[in-house]
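Let me begin by presenting the structure, written as structure tokens, before commenting on it.
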Protein chains: 2
Amino acid sequence: MTDDGPRPVKTTKTSLALVRAVRDSDGATLSELAERLDLAKSTVHNHLHTLVDEGFLVRDGDTYHIGLQFLPFSEHARNRNPLYSTARQRVYSLAEKTGNEADFIVEENGRAYTLEYAIGESTARGLSESSPFRAGNRFHMHNCASGKAMLALLSDGRVREILDRWGLPATTAHTITDEATLFDELETIRRQGYATNDEELIDGYRSIGAAVTGPDDTVIGAFSVGGPAYRLAVDESSTREIAQLLLDEIDSLESELAL
Amino acid sequence: MTDDGPRPVKTTKTSLALVRAVRDSDGATLSELAERLDLAKSTVHNHLHTLVDEGFLVRDGDTYHIGLQFLPFSEHARNRNPLYSTARQRVYSLAEKTGNEADFIVEENGRAYTLEYAIGESTARGLSESSPFRAGNRFHMHNCASGKAMLALLSDGRVREILDRWGLPATTAHTITDEATLFDELETIRRQGYATNDEELIDGYRSIGAAVTGPDDTVIGAFSVGGPAYRLAVDESSTREIAQLLLDEIDSLESELAL
DNA sequence: CCTGCTGTTCACGTATTCCGAACGCTATAC
DNA sequence: GTATAGCGTTCGGAATACGTGAACAGCAGG
């Protein structure tokens, strides 16, 4: 699973595993972590102190939390590609125009990361607390609309590489878990120019996504618009309407990027 | 300097040093990193591969970049405290009202982190590329307005702790580098309720900041409004005007938080 | 073709990490 | 008030796994 080419640095891996465990448990104590990762308390102790010293963890009483030191790095990654920043702007107008949730997603290492997220109707801009789609979340490529839209534009070889690495885990009964079915779907997506996601990621959530490509036909990322199934009708026409909105926005963006 | 209580985990430290070096050089090759950190190429090789495998670095040809894997963690940290999210909203209205740059900053481990940043006049919301203040940046507490505003509300003991840990490095000729002067300044800030920064961080940049406190008088964070010195007049009245705007916004926020 | 630069691999020795038991400490229960 | 259970902390010792440096492969340019 975590196939590592040469000789992985185990110590670093355990440090990172600790950080991950802290995040997933939303604050954990030393003993909890030691038990969960099956490590000696003293080992965990040393790691935690090192990570706190570096600012990646914060200690509050006896529980540890994720530190803000991650921020300078994530913002660096987010802003590294100026194309990303340009694209991110568009999320807001998409959300407003459709009155639904909109996001901009990017592929890295075979996973999809949400770079920007917005809700329509809501006046509050950055407000995106409870949503499973808020910025910074990571998805598999095969069970979200944006992910599939991007996969459809990658080479078959690359797609297989990604599937081999990350598999096709199911999150709902509708998730595509079969390679052949997925490749059929990708063909459909290529034909119609956009991808749909009908409760494949989350029950009751439906979305439509389309990819952004650069001048040299490389995939930059993808936008998607989604919402509860009761609001996004299944019928062809309303899906098309949203898809058209997406494609128009992307056209406009792509010509802006071409300058 | 990097005083670590018990036995620091050296391997983790070097991994993190590598990540930092990659960020600071905005993309670096293996050999560059090996030379810069004075490590064997093979060592760097193993670390880099491990970090890529974990998603914290990305390899593009032969240069390494910061990976998006930092995002899920930074967003977690950013959203952990719901108070932060509530406060962050206010940055936008501050920026619009004053027509200047506004940010919300939080203290962690003796350092100040920008959680949200906005520019007035500009219609683009998240657009905050080139500014040294954009979200995710980290500052020392003593040379920015928000930092000083927060220091003024901490106990003397805690302030000394922070100074001991991080020092008073100068970034301009106006930076306060003397402890006694700083404590005098903090007294002034407590008296007037807000802090000013007159080119102490960046030449030509002036700002005004005030801290947000919780119901139990704990310091939550601080807002600041700033801009080029030629736009933010030095005279008392205009400073007061902005300060009043800040304090009003904070009052309103604090009563919202008290619910 | 050769030189200089990448990144990669590998065997070796030693420094480092990891463990486990013992210690303080606080809070709860009795 | 004492005992106990839980926490984090410290420390010595042992084996692991980290770091090194030299040798290898691939590529660009002279």
Side-chain angles (χ1 to χ4, degrees), chain A residues 1-67 109 161 165, chain B residues 1-23 25-67 108-109 161 165:
Chain A
M1 176 166 180
T2 51
D3 178 47
D4 215 355
R7 292 192 249 178
V9 185
K10 274 185 87 175
T11 309
T12 301
K13 289 234 170 205
T14 54
S15 269
L16 296 177
L18 278 168
V19 174
R20 232 179 292 127
V22 167
R23 188 197 49 175
D24 293 341
S25 55
D26 204 74
T29 68
L30 190 152
S31 312
E32 275 168 38
L33 293 167
E35 193 186 10
R36 165 131 37 141
L37 299 185
D38 199 38
L39 291 168
K41 281 196 297 179
S42 52
T43 306
V44 176
H45 179 254
N46 289 336
H47 279 266
L48 291 182
H49 272 259
T50 310
L51 290 165
V52 167
D53 183 62
E54 295 276 344
F56 289 100
L57 290 180
V58 191
R59 181 171 179 174
D60 177 30
D62 273 342
T63 69
Y64 291 84
H65 291 281
I66 298 297
N109 238 306
E161 216 175 280
R165 168 83 208 257
Chain B
M1 176 172 179
T2 50
D3 179 46
D4 216 354
R7 289 191 253 182
V9 185
K10 274 186 87 175
T11 310
T12 301
K13 289 233 169 205
T14 55
S15 269
L16 296 176
L18 277 168
V19 174
R20 231 177 293 126
V22 166
R23 188 197 48 175
S25 56
D26 203 73
T29 67
L30 190 152
S31 312
E32 276 169 39
L33 293 167
E35 193 187 10
R36 164 125 44 134
L37 299 186
D38 200 37
L39 292 168
K41 281 196 297 177
S42 52
T43 306
V44 177
H45 177 78
N46 289 336
H47 279 265
L48 290 182
H49 272 260
T50 310
L51 290 165
V52 166
D53 184 62
E54 296 276 343
F56 290 101
L57 289 182
V58 190
R59 182 171 178 176
D60 178 31
D62 274 343
T63 68
Y64 292 84
H65 291 280
I66 298 298
E108 191 175 280
N109 238 305
E161 218 174 280
R165 168 82 208 258

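Quick caveat: nothing in here was measured; it's all calculated off a predicted structure. Throughout, a chain's letter reflects where its sequence line sits, starting with A, and its residues are numbered from 1.
- Atom NE2 of A:H47 is separated from atom P of C:dT16 by 14 Å (rounded to the nearest Å).
- In this structure, the CG atom of A:L48 is 9 Å from the P atom of D:dG8, given to the nearest Å.
- A search for ring-ring contact (aromatic ring centres under 6.0 Å, His included) contacts involving B:F56 returns B:F70, B:F73, not counting sequence neighbours.
- Of the options A:T14, A:L51, A:D24, A:L48, a side-chain contact (heavy atoms from CB on, under 4.5 Å) to A:V19 is made by A:L51 and by none of the others.
- We find the CG-CG distance between B:L30 and B:L18 to be 9.0 Å, quoted to the nearest 0.5 Å.
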Inset, instruction - Give the C-alpha distance, both sets of side-chain angles, the deciding distance and a yes or no for side-chain contact (heavy atoms from CB on, under 4.5 Å) between A:I66 and A:L57. - result: CA-CA 5 Å; A:I66 298 297; A:L57 290 180; 4.2 Å; yes
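- Taking the side chain of B:D62 as heavy atoms from C-beta on, and the options C:dT8, C:dT6, C:dC18, the nearest nucleotide is C:dT6.
- Straight-line distance from the NZ atom of A:K13 to the P atom of C:dT17: 18 Å, rounded to whole Å.
- Under the side-chain hydrogen bond (donor to acceptor under 3.5 Å, both in side chains) criterion, B:T11 pairs with no residue, sequence neighbours left out.
- Within residues 25-42 of chain A, the residues that place at least one heavy atom under 4.0 Å from DNA chain C are, in residue-number order, A:L39, A:A40, A:S42.
- For A:H49 and D:dG8, the shortest distance from a side-chain N or O to OP1 or OP2 is not below 4.0 Å.
- In the helix from C:dC1-D:dG30 to C:dC30-D:dG1, the rotation axis of the first five pairs and that of the last five pairs differ in direction by 30°, rounded to 10 degrees.
- Phosphate proximity of D:dT9 to A:R59: present, with a side-chain N or O under 4.0 Å from OP1 or OP2.
- At whole-Å resolution of the value, NZ in B:K10 and C1' in C:dA15 are 8 Å apart.
- Listed by chain and residue number, B:R59 satisfy the salt bridge (charged side-chain N to carboxylate O under 4.0 Å, His left out) test with B:D62 (two or more places apart in sequence, or in another chain).
- Using a 4.0 Å cut-off, no side-chain N or O of A:H45 falls inside it from OP1 or OP2 of D:dG8.
- Using a 4.0 Å heavy-atom distance criterion, A:T63 is classed as making no nucleic acid contact.
- Under the rule for a side-chain contact (heavy atoms from CB on, under 4.5 Å), the partners of A:T29 that lie at least two apart in sequence or sit in another chain are A:S31, A:E32, A:T63.
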Going by atom type alone, with no hydrogens or angles, which donor-acceptor pairs under 3.5 Å involve a side-chain atom of residues 35-44 of chain A and a protein atom two or more places apart or on another chain?
none

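- Partners of B:R20 according to the side-chain hydrogen bond (donor to acceptor under 3.5 Å, both in side chains) rule, which considers only residues two or more places apart in sequence or in another chain, are A:E54.
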